[in-house]
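Working notes, structure below.
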Amino acid sequence: YTNTTPNAAGCDNVATLNLTINNSTTSSESVIACDTYTWAANGQTYTTGGTYTNPTINAAGCPNVATLNLTINNSTTSTESATACDTYTWPANGTVYTASGVYTNTTTNAAGCPNVATLNLTINSSTTSSETVTTCDTYTWPANGTAYTASGVYTNTTTNAAGCDNVATL
C-alpha cells in the first residue's frame, strides 16, 4: 500500500506499507472413547466427556485453537459365584467347566465398550463306592436298609458331604 502526501517543501512524500496478514486457525474433532482418551494435541488424558480446547500458536505465529468434543463411554464389569457338582455350564459364554477356578468372559456392552464378566466357580465332585458281598439266603444292605433275597447289582444314591451324588453299588 502507498500513501502520497505533500511534504513541507510541497513535494510528494510517498509512504509505502508492505503488509502481510497472517490468519488465526481453528480445528475441531469429535471423539467417542471407552473409559479414557489421550488427546494428541496436548497429551492430556481425559476420563469424562466434554468440550476441551488447546490454544497454541500456528506456523504463521498467530493463535490456533484446537477443540475436542469428547464422549466417554464406560466399560462394565460383573461378578458371580457358583457352586456345582461335577460340571457347570456358564450361561455367559456357554462353556462347560469341570474344575474350580476364576473365569472371565469379555464381550462388548451396549455402549461399545468392554464388558468383563467374572465367574468364581467351585466344582464339587460326586462320589461312588462299590462293595461285593456273598451271603446265604438274605442280605440287608446297611446303605439303604433293604433286605435282598436274590443276587444282582443294586445301587443306592444319596448326597455326599459336598452336596453332590454319592452312588453306592452292591
Side-chain angles (χ1 to χ4, degrees), residues 25-56 58 64-170:
T25 52
T26 61
S27 63
S28 178
E29 65 179 303
S30 295
V31 174
I32 299 172
C34 294
D35 303 319
T36 64
Y37 179 74
T38 301
W39 192 16
N42 63 7
Q44 287 190 328
T45 299
Y46 298 94
T47 58
T48 58
T51 300
Y52 302 96
T53 59
N54 183 44
T56 58
N58 65 19
N64 174 58
V65 178
T67 301
L68 171 63
N69 297 305
L70 180 61
T71 301
I72 294 288
N73 293 325
N74 293 311
S75 297
T76 50
T77 61
S78 63
T79 301
E80 66 179 283
S81 296
T83 301
C85 294
D86 303 318
T87 66
Y88 179 77
T89 302
W90 193 13
N93 62 8
T95 300
V96 177
Y97 296 97
T98 58
S100 296
V102 178
Y103 302 97
T104 60
N105 183 52
T106 302
T107 57
T108 301
N109 66 19
C113 296
N115 175 51
V116 179
T118 300
L119 171 64
N120 296 311
L121 179 61
T122 301
I123 295 290
N124 293 322
S125 297
S126 295
T127 52
T128 61
S129 63
S130 178
E131 65 179 291
T132 302
V133 175
T134 302
T135 189
C136 299
D137 300 321
T138 186
Y139 177 73
T140 301
W141 192 15
N144 63 5
T146 301
Y148 295 98
T149 58
S151 295
V153 176
Y154 303 98
T155 60
N156 183 53
T157 302
T158 58
T159 301
N160 65 18
C164 298
D165 286 344
N166 176 45
V167 179
T169 302
L170 171 64

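Any value given below was found using the heavy atoms of this structure, including those in side chains, with hydrogens, waters and symmetry copies removed.
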Expected output: side-chain Asn109 to main-chain Asn74 donor-acceptor under 3.5 Å
yes

Contact between Pro142 and Tyr139 at the side-chain level, heavy atoms closer than 4.5 Å - yes or no?
yes

Once side-chain contact (heavy atoms from CB on, under 4.5 Å) is applied, do any residues pair with Glu29, and if so which ones, sequence neighbours excluded?
Val31, Tyr37, Trp39, Leu68

As a quick check of understanding, evaluate side chain to side chain contact (heavy atoms under 4.5 Å, CB included) for Asn73 and Ile32, giving each step before the final call.
CA-CA 7 Å; Asn73 293 325; Ile32 299 172; 3.4 Å; yes

Decide side chain to side chain contact (heavy atoms under 4.5 Å, CB included) for Thr87 and Tyr97; before the verdict, give the C-alpha distance in whole Å, the side-chain angles of both, and the deciding distance to 0.1 Å.
CA-CA 6 Å; Thr87 66; Tyr97 296 97; over 6 Å; no

Whether the side chain of Asp35 engages the backbone of Ser75 through a donor-acceptor N/O pair (distance < 3.5 Å, no angle test) should be reported.
yes

Side-chain touch Leu170/Tyr148, heavy atoms, less than 4.5 angstrom:
yes

Do you know which two heavy atoms are closest between Ile72 and Thr47, and how far apart they sit?
CG2-O, 3.5 Å

Min side-chain heavy-atom separation Thr67-Tyr52 under 4.5 Å
no

Nearest non-hydrogen partners of Asn105 and Ala92, listed with the distance:
ND2-O, 3.3 Å

Does Asn120 form a side chain to side chain contact (heavy atoms under 4.5 Å, CB included) with Thr79? I'd like the steps, not just the answer.
CA-CA 8 Å; Asn120 296 311; Thr79 301; 3.4 Å; yes

Decide yes or no for Asp165 and Thr157: does some side-chain heavy atom of the first lie under 4.5 Å from some side-chain heavy atom of the second?
yes

Full working for side-chain hydrogen bond (donor to acceptor under 3.5 Å, both in side chains) between Thr38 and Thr45
CA-CA 4 Å; Thr38 301; Thr45 299; 2.7 Å; yes

Atom of Ala162, atom of Asn124 and distance for their closest heavy-atom approach
O-ND2, 3.4 Å

Flag, side chain of Asp86 to backbone of Ser126, donor-acceptor distance under 3.5 Å:
yes

Taking atom types as modelled, is there a side-chain donor on Thr155 or Thr169 under 3.5 Å from an acceptor on the other?
no

What I'd like to find out is whether the side chain of Cys34 reaches to under 4.5 Å of the side chain of Pro114, using heavy atoms alone.
yes

Can you find a heavy atom in the side chain of Cys164 that is under 4.5 Å from one in the side chain of Thr127?
no

Does Thr140 use its side chain to pair, donor to acceptor, with the backbone of Gly145 at less than 3.5 Å?
no

Thr107: side-chain hydrogen bond (donor to acceptor under 3.5 Å, both in side chains) partners, not counting sequence neighbours
Asn115

